[in-house]
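Data first, discussion second: the structure below is written as structure tokens.
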Amino acid sequence: MASKQAEKKKDATGGKAARGTDGAERVFIFDTTLRDGEQSPGCSMNLEEKLQVAHVLEEMGVDVIEAGFPIASKGDFEAVQAVAAAVKASRVAGLARATRKDIDRAAEALKGAATPRIHTFISTSPLHMKFKLQMEPEDVHQAVVDSVGHARNLCDDVEWSPEDGTRTEHDFLCRCVESAIKAGAGTINIPDTVGYTIPEEFHALIAMLKNRVPNIDKAVISVHCHNDLGLGVANSLAAVQAGARQVECTVNGIGERAGNAAMEEVVMALRTRHDAMPYTTGVKTEMITKASRLVSTITGFSVQPNKAIVGANAFAHESGIHQDGMLKNAETYEIMTPESVGLSRSTLVMGKHSGRHAFKSKLEELGFSLNDNEIQDAFLRFKDLADAKKDVYDEDIIALVDDAVLRHNDRLRFVSLQVVCGSKGPQTAELEMEIDGAAKTAKAEGNGPVDATFAAISQLFPHTASLQLYQVHAVTEGTDAQAEVTVRLEEAGKTVNGQGADHDTLVASARAYINALNKLLVKREKTAPQVMSA
Ligand code: KIV
Ligand code: ZN
């Protein structure tokens, strides 16, 4: 029985070749942007947004998409259900604690998936067992056996994680891993939950498991590294070199606290340093930029300019010496090409004479795949912008499309804004909005034009949320640059970020505030589970 189960477990690792087309050993990419990523403070995605991200992840060749934590809320359950129904090429995973209720709920949400995976976990470190779970190690071990066994009865593909794995005693870790595999887990994921480990130590931990757990060859070893010390990617790669064959990661590295290992960094490190790490992934790296922008827009988490792979400066060469070298041979200062991550070198600038056709080609070149209505909406916004701004750059178009297209499910919509401002007060804002389809207008005074604008929004849509952050940044250079505004709101301990872009800073501010309120409405629908610590 045990060996039959083991054979089945091997299939459950993806049914995909363990080698890539180049013969190199395959590393499976398990993306948890929609689960661990969405747990970042201030980050929330509605169902439609989660589906958009899931489609891009599927298209880019991610092996497993962790779509959420079904027991956490009705919204999470429905999102996992929707992703499970929509995604066919990637496995879809749902997270569950080690209880029958959690596991049943995950199985229920994953019912429609072509290839479902239940990911169940329990803490195994002395600290977590004593203070968080208040359970004896023996009882935790029994919960491992019971939870994995129960999950395996409901789903062929089960992954098990010992939470706080890197601070777990080795003997106990080995015992739990062995029992989880015996009970039916096909993937054993070792989380560095608190981002505490360092590469050499993590390499040794994976090697230790490979040496000491007798049935370890019946499962795929996975790793899940948080980035509290900035070592998430380095630790993941060290683990791969020790024998891990699945890496859990998120787009742009979003996730709890300092985030998770960034998917784009793991994938590009394996691709660029294939000489030192002869492993391959199934990810189409040319889609990295598109995925990064989508996640950044939806979550409102901007990517720092110097962020590896996807930062605005990642392929920019400012100094004269570097530019000179680049002109002679790009390899002098470029270890990977911009094209390999989906950036084009084209600098085609658009202006008010550019037509719909050129605009459409530009959108395609930038990696957007929009339907006709979306293209039309974006084109109208582009025309307005081109009237106000001589040259429209790629960055402008990206900001504009993100703003125009990704908001079509919102309950609150910006329509127009007229502001009176200057040194002779009072500053006033006259705002028109649509709320659930009905047009509404308000006029408000404030301590400055931004305050007046936000007061007008509050008049039309009264709320108790408080403003935590108001940030403006110019998308390009020059005084006619578009403004991209981020607004952070907090209500009853829940934080959301909204973004808005426009060549008028106040309009961008109103759009950002309204976007944040829309996200808050989505958040309100969610109810917190009793103990949530993944
Ligand atoms: O960080 C963690 O330990 C987790 C587990 C649920 C894998 O997210
Ligand atoms: Zn995590």
Side-chain angles (χ1 to χ4, degrees), residues 28-41 43 64-72 76 80 91-99 102-103 105-106 109 117-129 131-133 140 143-144 147-148 151 157-168 172-173 176-177 180 185-197 202 205-206 209 219-233 235-236 239 244 246-263 266 529-534:
F28 296 108
I29 296 296
F30 176 115
D31 182 277
T32 183
T33 306
L34 298 177
R35 199 277 298 169
D36 216 323
E38 214 230 357
Q39 286 176 213
S40 319
C43 164
V64 188
I65 299 173
E66 188 164 52
F69 195 174
I71 194 93
D76 254 58
V80 175
R91 288 183 168 260
V92 178
L95 187 68
R97 288 166 296 181
T99 67
D102 270 46
I103 293 165
R105 194 81 176 134
R117 172 177 294 184
I118 294 179
H119 176 194
T120 181
F121 72 99
I122 190 166
S123 292
T124 50
S125 69
L127 198 68
H128 276 222
M129 289 191 292
F131 293 102
K132 188 184 115 170
L133 298 177
V140 169
V144 174
S147 58
V148 173
D157 183 357
V158 174
E159 171 171 332
W160 177 73
S161 294
E163 192 184 357
D164 205 16
T166 50
R167 295 192 296 173
T168 296
F172 189 60
L173 185 63
C176 289
V177 167
T187 303
I188 297 294
N189 177 49
I190 307 298
D192 183 27
T193 304
V194 289
Y196 179 71
T197 198
F202 202 40
L205 181 69
I206 302 301
L209 288 171
V220 169
I221 301 179
S222 166
V223 288
H224 174 111
C225 297
H226 279 271
N227 208 27
D228 299 64
L229 293 172
L231 293 171
V233 171
N235 289 332
S236 305
Q246 176 178 284
V247 173
E248 301 200 354
C249 43
T250 58
V251 174
N252 297 339
I254 62 171
E256 285 271 14
R257 304 180 310 278
N260 290 61
M263 190 239 271
V266 170
Q530 290 156 328
V531 189
M532 182 89 84
S533 57

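These numbers were taken from a predicted model, which means no experiment stands behind them. Sequential numbering from 1 along the given sequence is applied to the chain's residues. Remember, it's 1-based here, ligands and their atoms both numbered in the order they're listed.
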Of all N/O/S atoms in Asp36, the name of the one nearest the Zn ion (ligand 2): OD2

Under a heavy-atom criterion of less than 4.0 Å, does Glu256 contact ligand 1?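 Checking ligand 1 against Glu256, which is what was asked, there is no heavy-atom contact under 4.0 Å.
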
Under a 4.0 angstrom heavy-atom cut-off, which atoms of ligand 1 come close to [X]?
{"X": "Glu163", "answer": "3 (O)"}
{"X": "His226", "answer": "1 (O)"}
{"X": "Thr193", "answer": "1 (O), 2 (C), 3 (O)"}
{"X": "Asn189", "answer": "7 (C)"}
{"X": "Asp36", "answer": "8 (O)"}

Could you tell me whether the side chains of Thr250 and Asn260 share a donor-acceptor contact shorter than 3.5 Å?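 Short answer, no.
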
Between the side chains of Thr124 and Thr168, does any donor sit under 3.5 Å from an acceptor?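 Yes, side-chain donor-acceptor contact under 3.5 Å.
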
Are the side chains of [X] and [Y] in touch, meaning some heavy atoms are under 4.5 Å apart?
{"X": "Phe69", "Y": "Arg97", "answer": "yes"}
{"X": "His224", "Y": "Asp36", "answer": "yes"}
{"X": "Ile221", "Y": "Ile206", "answer": "yes"}

Please report the interatomic distance CG(Asp164) to CD1(Ile122), rounded to the nearest 0.5 Å.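 Answer rounded to 0.5 Å: 12.5 Å.
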
Partners of Glu159 by salt bridge (Lys or Arg N to Asp or Glu O under 4.0 Å), sequence neighbours excluded?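 Only Arg117 meet the salt bridge (Lys or Arg N to Asp or Glu O under 4.0 Å) criterion with Glu159.
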
Run down the list His224, Glu159, Arg35 and name the one with the heavy atom closest to atom 6 (C) of ligand 1. Arg35

Tell me, please, if Glu256 has any N/O/S atom, main chain or side chain, under 2.8 Å from the Zn ion (ligand 2)?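 No, outside the cut-off.
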
Rounded to 10°, how big is the angle at the Zn ion (ligand 2) from His224 NE2 to His226 NE2?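 Angle NE2(His224)-the Zn ion (ligand 2)-NE2(His226): 100°, rounded to 10°.
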
